[in-house]
Amino acid sequence: MITRPEVLAPAGDMECLNSALSFGADAIFLAGKMFGMRSASKNFDNTQLKQACELAHAKGAKLYVTCNTLPRNNELDFLPDYLSYAQECGVDAFIIADLGVFEAAKKYAPKVARHISTQAGVTNYATANVLYNMGASRVVLAREIPLDEIAEMRAKIPKDLEIECFVHGAMCVSFSGRCLISSYMTGRDANHGDCAQPCRWKYHLFEENREGQYFPVEEDSNGTYLYNSRDLCMIEHIPELVKAGVSSLKIEGRAKSAYYTAVTTNAYRHAVDGFMAQGESYVLEPWIKEELDKISHREYNTGFYFGREPGQVTGNGGYIRHYDVVAVCEKSVDDTTTEITQRNKFLVGDTLDVLPPSGIPFNVKCISLTDEYGNSVESAPHAMQKLTMKSDVKIPDGSVIRKKKGSMSIVGVNPKKKN
């Protein structure tokens, strides 16, 4: 019998959490202020962690807290109170890479399930079984594992040991996320969530006796991106993932924007629901795949799921972006009037693309704009400005409003927030 997989969404802050919940996540993974692998994210302080649990559970969603750094001796004294508090908040699981943290969670938060992080590098059923016997309820597999090996693993581990796999987002060129390049080159420790992403940088070759001269490693005027991996996208392969026995479909992106979270969560929510409803006759609706081109991304591929594909993008280190988020709908006043918060500039007369919480995008035309003082304006140029917009179609509360760019753009190599 085919089991419905969980759609697991990322949240780097409260806005991302609300986006994940609004657009259909079954579960959300996030970090507190300690022991999480994304130090660039705002993350959640103690008060916010409790609030996040309450919000998720009110929506029927689960909340997982990442404790997946590889802590040093001087950090261990902080573990007991941190784990105990997370249990008091009601978190559903910890995502753990380190065996010392794993045992501490058992001792100080025994009511919280323990998931094994991809950082632990689980690549076979023997390791999965050992971890199950130690008390793990889920393994997040290494990203190097093809689907046929996942299916074999599923057949050789206990039925109640869940398998979680990444299905979308940025991929690291290291083994299961463990990398020392950043530590060597910048002093920023990737295994403590502070990676500087030097694998994305542009590199040239220098010859010792020719000072001031540089040579591309390949003959390309843009330089060479030796380790610049593509982004993972498995939206067209939900049936294969489910049949292989994957319990949870994980979307990467705790350092990314609420818009990214909304779009990816919505796309995988609809794809999973479509397959579960239609079975063998399921065909991915084109708009779902198109949605994933409306977020900033590198070139997509399917990672190692179907064997080795070309993994690197050698032409650039940036993101492809076709759309900008221009506003968020705060409140629909009537069938033509919406209160919005502006995010990027747009004009009266523009055709805008709306993604509602119900999930299926549609177009509207901006007929007029009024600022917070009641003045008519021809454009929305100020970030976070409150405006009232009239349109030709009703826009539901919580909708994300976008505008297509005039041409494809490449955005920076390492922005903190990517939409």
Side-chain angles (χ1 to χ4, degrees), residues 6 8 10-12 17 26-39 41 43-57 61-142 153 157-164 176-178 189-194 247-248 250 254:
E6 170 186 87
L8 177 56
L17 176 92
D26 295 308
I28 296 162
F29 67 105
L30 53 79
K33 292 296 186 179
M34 301 179 70
F35 305 108
M37 280 290 290
R38 289 293 181 271
S39 63
S41 305
N43 295 320
F44 292 72
D45 63 24
N46 285 354
T47 301
Q48 291 171 326
L49 182 59
K50 184 174 179 60
Q51 184 183 0
C53 285
E54 292 169 352
L55 289 169
H57 293 162
K62 294 183 178 180
L63 193 91
Y64 308 146
V65 171
T66 60
C67 295
N68 56 347
T69 58
L70 305 178
R72 305 290 176 81
N73 291 333
N74 63 343
E75 299 173 85
L76 295 179
D77 288 343
F78 298 100
L79 260 176
D81 288 345
Y82 180 79
L83 296 170
S84 296
Y85 179 77
Q87 177 174 272
E88 290 175 19
C89 290
V91 303
D92 296 284
F94 296 120
I95 304 172
I96 300 170
D98 182 85
L99 290 180
V101 177
F102 187 83
E103 282 299 297
K106 180 181 179 180
K107 180 177 181 179
Y108 297 106
K111 297 178 182 178
V112 180
R114 288 171 291 167
H115 298 173
I116 300 297
S117 170
T118 191
Q119 296 288 116
V122 177
T123 60
N124 60 71
Y125 62 82
T127 301
N129 282 324
V130 169
L131 293 166
Y132 174 79
N133 292 333
M134 292 173 62
S137 61
R138 177 182 293 188
V139 288
V140 187
L141 298 187
M153 187 182 300
I157 63 175
K159 291 182 179 179
D160 59 338
L161 178 57
E162 297 175 337
I163 292 176
E164 179 179 308
S176 301
R178 292 200 180 193
D189 188 352
N191 296 314
H192 277 70
D194 198 26
S247 314
S248 179
K250 188 171 195 171
R254 283 189 291 122

- Would you check, one step at a time, whether the test side chain to side chain contact (heavy atoms under 4.5 Å, CB included) holds for Thr127 with Ile116? CA-CA 11 Å; Thr127 301; Ile116 300 297; over 6 Å; no
- Message: Give me the atom names and distance for the closest heavy-atom approach of Ala105 to Ile96.
- Response: CB-CD1, 3.8 Å
- Task: Check the pair Tyr82 / Val65 against side chain to side chain contact (heavy atoms under 4.5 Å, CB included), numbers first and verdict last.
- Result: CA-CA 11 Å; Tyr82 180 79; Val65 171; 3.7 Å; yes
- Are more than 12 heavy atoms from other residues, nucleotides or ligands located less than 6.0 Å from atom CG of Asn73? no
- Note on the structure: dist Leu8:CG -> Tyr64:OH (nearest 0.5 Å) comes out at 6.5 Å
- Task: Could you give me the CA-CA distance, side-chain angles and deciding distance for Arg254 and Asn43, then say whether side chain to side chain contact (heavy atoms under 4.5 Å, CB included) is met?
- Result: CA-CA 9 Å; Arg254 283 189 291 122; Asn43 295 320; 4.1 Å; yes
- Item | CG-OH distance between Asp81 and Tyr108, expressed to the nearest 0.5 angstrom | 9.0 Å
- Note on the structure: In terms of heavy-atom contacts, Ala113 and Ser137 come closest through CB-OG, 3.6 Å
- Note on the structure: dist Glu164:CD -> Arg138:CZ (nearest 0.5 Å) comes out at 5.0 Å
- At what distance, to the nearest 0.5 angstrom, does CD of Glu54 lie from CG of Leu49? 10.0 Å
- Message: Quick one, Leu99 with Met134, criterion side chain to side chain contact (heavy atoms under 4.5 Å, CB included). Give me CA distance, side-chain angles, the key distance, then yes/no.
- Response: CA-CA 10 Å; Leu99 290 180; Met134 292 173 62; 3.9 Å; yes
- Flag side-chain contact, heavy atom, 4.5 Å: Asn68 against Val140: no
- Message: Going by side-chain contact (heavy atoms from CB on, under 4.5 Å), Ser117 matches just one of Val139, Ile95, Thr69, Thr66. Which one?
- Response: Ile95
- Assess Arg114 against Phe102: is NZ or CZ under 6.0 Å from the centre of the six-membered ring, and within 45 degrees of the ring's axis? yes
- Could you tell me which non-hydrogen atom of Val112 sits nearest to which non-hydrogen atom of Ala93, and how far apart they are? CG1-CA, 3.5 Å
- Note on the structure: So NZ of Lys107 and OG of Ser84: to nearest 0.5 Å the spacing works out to 10.0 Å
- Heavy-atom nearest pair, Leu141 first then Met153, reads CD2-SD, 3.5 Å
- Message: Nearest 0.5 Å, please: how far is CD in Glu162 from OH in Tyr132?
- Response: 11.0 Å
